[in-house]
Amino acid sequence: MNYAKELILYKVSAQEEIFKDFTWILTHYDIQDHKKKEDLRSLCYETLHRLIEVSASHGFQGNLWHNYLTFLIVNHENAYSTACEMKGMVEGSINDFALHDFQLFKELFEKNLMEVAHGLDVPVLAAILDYRRVEEHSKVFNTRIRDSIVALSARLEQTETVEGFQLQVTDFYRNFGVGKLGLHKAFRMGHTEAGPQIIPITNIAHVGLNDLVGYEIAKEKLIANTEAFVKGKKANNCLLFGDAGTGKSTSIKAIVNQYYARGLRMIEVYKHQFQDLNWLIGQIKNRNYKFIIYMDDLSFEDFEIEYKYLKAVIEGGLERKPENVLIYATSNRRHLVREKFSDKEERQDDLHKNDTVQEKLSLVARFGVKIYFGSPSPQEFKEIVIRLAKKHGIESNTETLLAEANKWELNHGGLSGRCAQQFIDYLLGQE
């Protein structure tokens, strides 16, 4: 049997050589021809090498073959898996095709690898049945997702029927999603020779809004807008502006951490990538998730025209922005575009200059929610320092701690949450 060719929904890509080679080994290991058996042994060793490399990079453990199969299933975006994400079991004839494929996967789960090891005289093959990873944390893969995949793999091993197999997979789709957009919470845009790409961020900071001291009104506005968005209600694009180091970016990271389980995803886009925004929206507009396109430290100089791409995407293009997409941006500039006193003088000299200025300023008008983050007062700065010191277990006399913090801020940029964090990092480095 050629499993790769008989799959219908879960077609295996040409890059998945591990699947094609290992399934070939599983179905031909008992061949009697001596030369062909030697070729199979060589292929087995090569496939083991690739399987271990994938498992090491993703942090898998247990039955590596089952982990790998599970990894393929949860990452495969097809008509069935995308229909089930965030919704669970669906009705219709698609289930017949899904059951057909799950029957094939179940057969692969049930293959006796010890027989294969004996038949090919490759005893080391048995080591992948109960593999123990070297490091606790994978450097290139999200540990939460890794643990979920390993746990699903173990459950699939125990299923007795193909219907039970399908139920386990579908429950995973409902709870975690499918593919990179479902499994990961944050992404960035990349660009290769093949064109733009959406790349998962595997090591996002695990911050919460409670970690940001003060700014209660600002946080309430941000939560209210995001809550409406996640619930499928009307919500606005959001601009967080104000002084540097006041927690604007931290608030955005905290939002995606807080609402990830409810289907919120975030994609970071830089200014030079705005020309790919229409491509990006085309990739995410029909998915069962809510997407925030995140633009950090957004501002434009006089000579920059990228803001025109952004204006067209937010509002004004022929294609309406999808309901499952919002834009959140942070900036130190209230109007995003640099303003000069000379702009007023030029407008007095030339009426057409007013049109130019208004074109620049119209970008900020496309953000329905604007939230100000100002520098903390001296008392608020002290509260931030005390709270951060307590969080990191720094034991010090409060009066001494605050006196040192005041000295620090005078030489390191003034009152801000970022300055307070840098002071705490300095203290931690002295321990």
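Note: hydrogens, waters and symmetry copies are ignored here, and every other heavy atom, side chains too, is used. Residues: numbered from 1 along the sequence shown.
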message: Test side-chain contact (heavy atoms from CB on, under 4.5 Å) on L26 and L113; report intermediate values, then the result.
response: CA-CA 8 Å; L26 292 177; L113 296 188; 3.5 Å; yes
- prompt: After noting the C-alpha distance and the side-chain angles of V90 and Y173, does the key distance pass the side-chain contact (heavy atoms from CB on, under 4.5 Å) rule?
  reply: CA-CA 12 Å; V90 295; Y173 290 155; over 6 Å; no
task: Only counting residues at least two apart or in another chain, list the ones meeting salt bridge (charged side-chain N to carboxylate O under 4.0 Å, His left out) with E91.
output: none
- prompt: Tell me the salt bridge (Lys or Arg N to Asp or Glu O under 4.0 Å) pairs involving residues 379-393, sequence neighbours left out?
  reply: D211-K391
field: Distance in Å, I284 CD1 paired with W279 CH2, rounded so as to fall on 0.5 Å steps
entry: 9.5 Å
- request: Evaluate whether atom OH of Y45 has more than 12 neighbouring non-hydrogen atoms of other residues, nucleotides or ligands under 6.0 angstrom away.
  value: yes
H100 NE2 to I8 CD1 distance, which is reported to the nearest 0.5 Å: 4.5 Å
query: According to the salt bridge (Lys or Arg N to Asp or Glu O under 4.0 Å) rule, which pairs have a member within residues 403-417, sequence neighbours left out?
result: E404-K407
- request: For the pair W65 and Y68, name the ring-plane relationship: parallel under 30°, tilted 30 to 60°, perpendicular over 60°.
  value: parallel
- request: Answer yes or no: is there a side-chain heavy-atom contact under 4.5 Å between R265 and F187?
  value: yes
message: What I'd like to find out is whether the side chain of Q273 reaches to under 4.5 Å of the side chain of P196, using heavy atoms alone.
response: no
field: Verdict with reasoning, N2 to E6, per side chain to side chain donor-acceptor pair (under 3.5 Å)
entry: CA-CA 6 Å; N2 190 323; E6 293 201 15; over 6 Å; no
Residues E323, K234; criterion salt bridge (Lys or Arg N to Asp or Glu O under 4.0 Å); working and verdict: CA-CA 8 Å; E323 295 294 330; K234 290 292 184 180; 3.5 Å; yes
task: With sequence neighbours excluded, tell me which residues meet salt bridge (charged side-chain N to carboxylate O under 4.0 Å, His left out) with E160.
output: none
- line: To the nearest 0.5 Å, atom CG of L415 lies from atom OG of S375 at 7.0 Å
task: Without swapping roles, check the side chain of T330 against the backbone of D297 for a donor-acceptor pair under 3.5 Å.
output: yes
query: Side chains of Y328 and T226: is there a donor and an acceptor less than 3.5 Å apart?
result: yes
Residue pairs passing the side-chain hydrogen bond (donor to acceptor under 3.5 Å, both in side chains) test where at least one lies in residues 19-28, sequence neighbours excluded: D21-R50
- request: Kindly write out the residues that satisfy side chain to side chain contact (heavy atoms under 4.5 Å, CB included) with Q61, not counting sequence neighbours, or none if the list is empty.
  value: R132, R133
task: Could I get the full list of salt bridge (charged side-chain N to carboxylate O under 4.0 Å, His left out) partners for K5, not counting sequence neighbours?
output: none
Straight-line distance of S153 OG to F71 CZ, nearest 0.5 Å: 12.5 Å
ring-ring contact (aromatic ring centres under 6.0 Å, His included) assessment of Y131 paired with F60: CA-CA 8 Å; Y131 183 83; F60 295 152; 9.9 Å; no
For T170, all residues meeting side chain to side chain contact (heavy atoms under 4.5 Å, CB included), sequence neighbours excluded: Y80, C84, M89, Q166
task: Identify the two heavy atoms, one from L125 and one from A117, that lie closest to each other, and give their separation to 0.1 Å.
output: CD2-N, 3.7 Å
message: Applying salt bridge (Lys or Arg N to Asp or Glu O under 4.0 Å) as the test, list every pair that has at least one member in residues 68-86; sequence neighbours left out.
response: E77-R287, E85-R287
message: According to ring-ring contact (aromatic ring centres under 6.0 Å, His included), does anything in residues 217-269 pair up with another residue at least two apart or in another chain? List the pairs.
response: F241-Y372
- prompt: Stepwise, does the side-chain contact (heavy atoms from CB on, under 4.5 Å) test hold for R262 with E227?
  reply: CA-CA 10 Å; R262 295 171 60 181; E227 184 76 26; 2.9 Å; yes
- request: Could you pull out all residues at least two apart from F176 that satisfy side chain to side chain contact (heavy atoms under 4.5 Å, CB included)?
  value: R144, S148, F172, L183
query: Which class fits the ring pair F105 and F165: parallel under 30°, tilted 30 to 60°, perpendicular over 60°?
result: parallel
- request: Keeping the roles fixed (side chain from H58, backbone from V54), state whether a donor-acceptor pair exists under 3.5 Å.
  value: yes
message: What verdict does the side-chain contact (heavy atoms from CB on, under 4.5 Å) test give for W408 and L427, after you've listed the backbone C-alpha separation in whole Å, the side-chain angles of each residue and the deciding distance to 0.1 Å?
response: CA-CA 11 Å; W408 179 272; L427 294 182; over 6 Å; no
- prompt: Would you say Y10 and N78 make side-chain contact, with heavy atoms under 4.5 Å?
  reply: yes
task: Tell me, please, which residues at least two apart from D171 pass salt bridge (charged side-chain N to carboxylate O under 4.0 Å, His left out).
output: R174
